[in-house]
Amino acid sequence: MTTSHEPGSQTIVAPQVLLGNHLKALKLPTFAREYEKVALESAQDRANYPRYLLRLCELERIDRERRNVERRIRLARFTQVKSLDTFDFTAQPSLNKPLVLELARCEWIEKRQNCIALGPSGTGKTHVALALGLAACQKGFSVAFTTAAALVHELMEARDERRLRALQKHLNTVKLLIVDELGYVPFTAVGSELLFEVFSQRYERGATLVTSNLPFDEWTSVFGSERLTGALLDRLTHHVHILEMNGESYRLATARKAQRRGRDLADAPAIDKGDADTKN
């Protein structure tokens, strides 16, 4: 910034300072960070002004989308960030891989449909749920991830603190609600009714993904009421994609492999030090 000290003169601000202030006010941080570098590159390439502006706009959009995706992932409150790239489909041959890949395109979320993943513990249901949630964040959808037990606890706390309506409104606004581990903990009558209300309010208004270790005919043991369970399943399974994962527990299989490896090493014949020295 240059300043004139003559009486009556005006302060002259450097264009770079003014430009920086304008870009900050317009919320264009990538423009502010990259415009000088891109200007030099454009001059070397003899690019015209529209091409220069196009390059800056592309950089701004890419960076803005990256920040938006990171924000959606943070707000989703995933327990871990996992993708389908790291899922071992060969370990779960019962899982319909083409259907999972189709769900990753997120058209079912746009159509406000549901997805239910069923199978024993350790078969990868949570991994698939997290991966589909990540895909939704990357596609621009808002996501909320929780376990069934944690959600019921949060609903009951909100009811006691007279903020249940605000929580329900938040749960209704997310494009994809993921409720993991339904079936591990039975609910009280009040908890069952509160969870049913969440699913009921989202019916045909938002997409819901549920994972459970129980087949549908055993869900009554969780909700404690055949009438409520029937009404819940009627809503969840109306527009639904079902993922069946009935293979062996991945964690158990991994533990068995490690155990076998340990036994093989223990059973391997020891090399006598003298023999080793002779061979060397």
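It should be emphasised that the depicted structure is a prediction, and the values quoted were computed from it without experimental measurement. Numbers for residues simply follow the sequence, beginning at 1.
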Any chain of hydrophobic side-chain contacts (each under 4.5 Å) joining [X] to [Y]?
| X | Y | answer |
| --- | --- | --- |
| Met245 | Leu130 | yes |
| Val152 | Ile178 | no |
| Val174 | Leu151 | yes |
| Leu59 | Leu40 | no |
| Leu195 | Leu209 | no |

With a 4.5 Å heavy-atom cut-off, do [X] and [Y] have their side chains touching?
| X | Y | value |
| --- | --- | --- |
| Val240 | Gln113 | no |
| Gln16 | Tyr35 | yes |
| Arg67 | Thr30 | yes |
| Thr86 | His127 | yes |
| Leu56 | Glu34 | yes |
| Pro120 | Asn246 | yes |
| Trp108 | Leu176 | yes |
| Asn114 | Thr237 | no |

Under the 6.0 Å and 45° cation-pi test, does Lys175 pair with Phe141?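 Ring-cation test returns no.
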As an exercise, state the distance from [atom1] of [X] to [atom2] of [Y], rounded to the nearest 0.5 Å.
| X | Y | atom1 | atom2 | result |
| --- | --- | --- | --- | --- |
| Glu157 | Asp160 | CD | CG | 7.5 Å |
| Tyr52 | Cys57 | OH | SG | 10.5 Å |
| Leu236 | Arg202 | CG | CZ | 10.5 Å |
| Thr229 | Glu218 | OG1 | CD | 12.0 Å |
| Leu95 | Lys125 | CG | NZ | 11.5 Å |
| Leu232 | Leu228 | CG | CG | 6.5 Å |

Please report the closest heavy-atom contact between [X] and [Y], naming both atoms and the distance.
| X | Y | result |
| --- | --- | --- |
| Glu60 | Pro29 | OE2-CD, 3.6 Å |
| Leu177 | Leu171 | CD1-CD2, 4.1 Å |
| Cys115 | Leu103 | SG-CD1, 3.8 Å |
| Leu194 | Leu164 | CD2-CD2, 3.8 Å |
| Leu99 | Ile242 | CD2-O, 3.8 Å |
| Asn96 | Pro98 | OD1-CD, 3.0 Å |

Near [X] [atom1], under 6.0 Å, is it more than 12 heavy atoms from other residues, nucleotides or ligands?
| X | atom1 | value |
| --- | --- | --- |
| His241 | NE2 | yes |
| Arg61 | CZ | no |
| Glu226 | CD | no |
| Glu110 | CD | no |

Could you please spell out the steps behind the side chain to side chain contact (heavy atoms under 4.5 Å, CB included) verdict for Arg33 and Asp63? CA-CA 11 Å; Arg33 188 176 64 249; Asp63 199 41; 3.4 Å; yes
Side chain to side chain contact (heavy atoms under 4.5 Å, CB included) partner of Tyr184, chosen from Asn213, Val222, Thr147, Leu214: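 When Asn213, Val222, Thr147, Leu214 are each tested with Tyr184, the side chain to side chain contact (heavy atoms under 4.5 Å, CB included) holds only for Asn213.
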Is any side-chain N of the basic residue among [X] and [Y] closer than 4.0 Å to the acidic one's carboxylate O?
| X | Y | answer |
| --- | --- | --- |
| Glu65 | Arg72 | yes |
| Glu70 | Arg66 | yes |
| Arg51 | Asp45 | no |

Between side-chain atoms of residues 75-84 and protein atoms elsewhere (two or more places apart, or another chain), which donor-acceptor pairs fall under 3.5 Å?
unit_1, atom_1, unit_2, atom_2, d
Ser83, OG, Asp85, N, 3.4

Step by step, would you call Phe216 with Ile116 a side chain to side chain contact (heavy atoms under 4.5 Å, CB included)? CA-CA 10 Å; Phe216 291 137; Ile116 302 177; 3.8 Å; yes
Any donor-acceptor pair under 3.5 Å from Asn172 side chain to Gln168 backbone: yes
Is there a donor-acceptor pair closer than 3.5 Å between any side-chain N or O of Arg235 and the backbone N or O of Ala231?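 Yes, Arg235 side chain to Ala231 backbone: donor-acceptor pair under 3.5 Å.
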Which of parallel (below 30°), tilted (30 to 60°) and perpendicular (above 60°) describes Tyr203 and His239? parallel
Indicate the ring-plane relationship of Phe223 and Trp219, choosing parallel, tilted or perpendicular according to the 30° and 60° boundaries.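 Ring orientation, 0 to 90° scale: tilted.
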Report the C-alpha distance between Thr126 and Asp180 in whole Å, list the side-chain angles of each, state the deciding distance to 0.1 Å, and finish with yes or no for side chain to side chain donor-acceptor pair (under 3.5 Å). CA-CA 7 Å; Thr126 299; Asp180 195 28; 2.8 Å; yes
Side chain to side chain contact (heavy atoms under 4.5 Å, CB included) between Arg159 and Leu167, intermediate numbers included: CA-CA 9 Å; Arg159 186 198 61 160; Leu167 176 57; over 6 Å; no
